[in-house]
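We number each residue from 1, following the sequence as shown. We count ligands from 1, going down the list as the structure has it; atoms in each ligand are counted the same way. This structure is a prediction, so every number in the text was calculated from the model and none was measured.
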Amino acid sequence: MRIKFLSIAIMLLLIASCGDNEQQTAKVHRKAEVKKVFVPQFNADSAYKYVAEQVAFGPRVPGTDAHKQCATYFVNFFENLNIKVYQQDFKARSFDGKTLEGKNIIAAINPDAEKRILLSAHWDSRPFADHDADESKHYTPIDGANDGASGVGVLMEIARQMSISKPNIGVDIILFDLEDYGQHASIERSANGEETWCLGSQHWAKDPHIAGYDAQFGILLDMIGAEGATFGHEYYSNQYAPGVIAKVWRIAKSIGYGDVFKDENGGGVLDDHVFINKYAYIPTIDIIHHSPSTTSGFFEHWHTMEDNMDKISKYSLNAVGETLMHVAYKE
Ligand code: AHN
Ligand code: ZN
């Protein structure tokens, strides 16, 4: 009788401790999941400040002091955050026969991680306001607050956040040079005219900063910071990387930015991502402001003197920055 009682007691104890163990395991699991999806808060005020700081140098036109000073500003920025920086200097021929000196800047977060993603934008600004309503401005350089600086500002804030709490994967932030020195609007668009744009990404995609460089996927930002920006599914992005479009738009919607990331046709733009897909074989998308109502299809002030700080919206910067943070920290 006593033995029976004892064995029942032991059995009960075993069951109880077993349940406890399971509970503990569940707790550990839940903790691990929470840790895995922890996403630091993107700060749009900070991104806005980085856009303004770039614009304050003056137009970042290749060959100018503003261009050189801004490159140094980027390198110092990343190095001060203890992020490894590569500078890729190269020469390229412009559509008007000039030899341009370009510099692609690559900031590598978790440089030794094998699984990597690539985030990019161009940092140079266009030497010509060739779409300005005022013809006398057609050879005047632009501020490029949206066309150039906005994407870079968002990436700088992402880098700052990532230097504070590292994501699980490696992230390469690539600032491409010589994107916007493409042929002047006064020249009739020719078949090879498209290759006169995106000289920095063409160079990098054929000869990356690390031989044999690879990433799971890439995201390019272009003209993402204007008031009222909306993004559709850009044509080449959907051809080369439909899964990346689906992932990014799903995440954007899930955090409340369905008004910005729209499930609609976004036109086709020969932008840096096309060359990354074509020459580096990394599935890469372009998040780019698409306006069905303008003749260019781009934002209203594209390649005009009006592409300045007044047009930049913290809401737009935040929509893109927060979305990218969620994409990176959920990988
Ligand atoms: C072409 O017009 C072929 N590409 C334009 C890409 C661009 C210019 N993105 C910003 N500025
Ligand atoms: Zn441009």
Give the contacting part of His303 toward ligand 1: side chain, backbone, both or neither, where contact means a heavy-atom distance below 4.0 Å. side chain
Is the centre of the Tyr240 ring less than 6.0 Å from the centre of the Tyr235 ring? no
Using a strict cut-off of 2.8 Å, how many protein N/O/S atoms surround the Zn ion (ligand 2)? 4
In this structure, atom 6 (C) of ligand 1 is nearest to the protein heavy atom Glu179 OE2, 3.2 Å
Atom 4 (N) of ligand 1: closest protein heavy atom, distance to 0.1 Å, is Leu270 O, 3.3 Å
Which residue owns the protein heavy atom closest to atom 2 (O) of ligand 1, what's the atom, and how far is it? Arg189 NH2, 3.3 Å
Can a donor-acceptor pair be found, under 3.5 Å and without considering hydrogens, that links the side chain of Asp307 to the backbone of His301? no
Residue and atom name of the nearest protein heavy atom (relative to atom 8 (C) of ligand 1), distance in Å to one decimal: Asp180 OD1, 3.2 Å
Determine yes or no for a side-chain-to-main-chain donor-acceptor pair under 3.5 angstrom, with Asp89 supplying the side chain and Lys103 the backbone. no
Quick note on ligand 1: atoms under 4.0 Å from a heavy atom of Trp302 include exactly 11 (N)
of all protein heavy atoms, closest to atom 9 (N) of ligand 1 is Asp222 OD2, 2.8 Å
Heavy-atom contacts with Asp147 under 4.0 Å: which atoms of ligand 1 show up? List them by number with element. 10 (C), 11 (N)
Could you tell me whether Lys253 and Asp263 have a side-chain N and a carboxylate O separated by less than 4.0 Å? yes
Distance filter under 4.0 Å to Met223 heavy atoms, resulting ligand 1 atoms: 9 (N), 10 (C)
Charged N to carboxylate O below 4.0 Å: is that the case for Asp45 and Lys314? yes
Phe176 and Trp123: aromatic ring centres closer than 6.0 Å? no
So that I know where these two stand, are Phe57 and Tyr73 an aromatic pair - ring centroids less than 6.0 Å apart? yes
Please answer: with hydrophobic residues joined when any side-chain heavy atoms are less than 4.5 Å apart, are Leu221 and Ile106 in the same cluster? no
Step through it carefully: locate the ring centre of Trp204, locate the ring centre of Tyr279, and say whether they are under 6.0 Å apart. no
Under the 3.5 angstrom rule, does the side chain of Ser125 hit a backbone N or O of Arg60 as a donor-acceptor pair? yes
Quick one: which ligand 1 atoms are inside 4.0 Å of a heavy atom on Glu194? 3 (C)
Inspect the contact between Lys247 and Glu331 and indicate whether a charged nitrogen and a carboxylate oxygen are less than 4.0 angstrom apart. yes
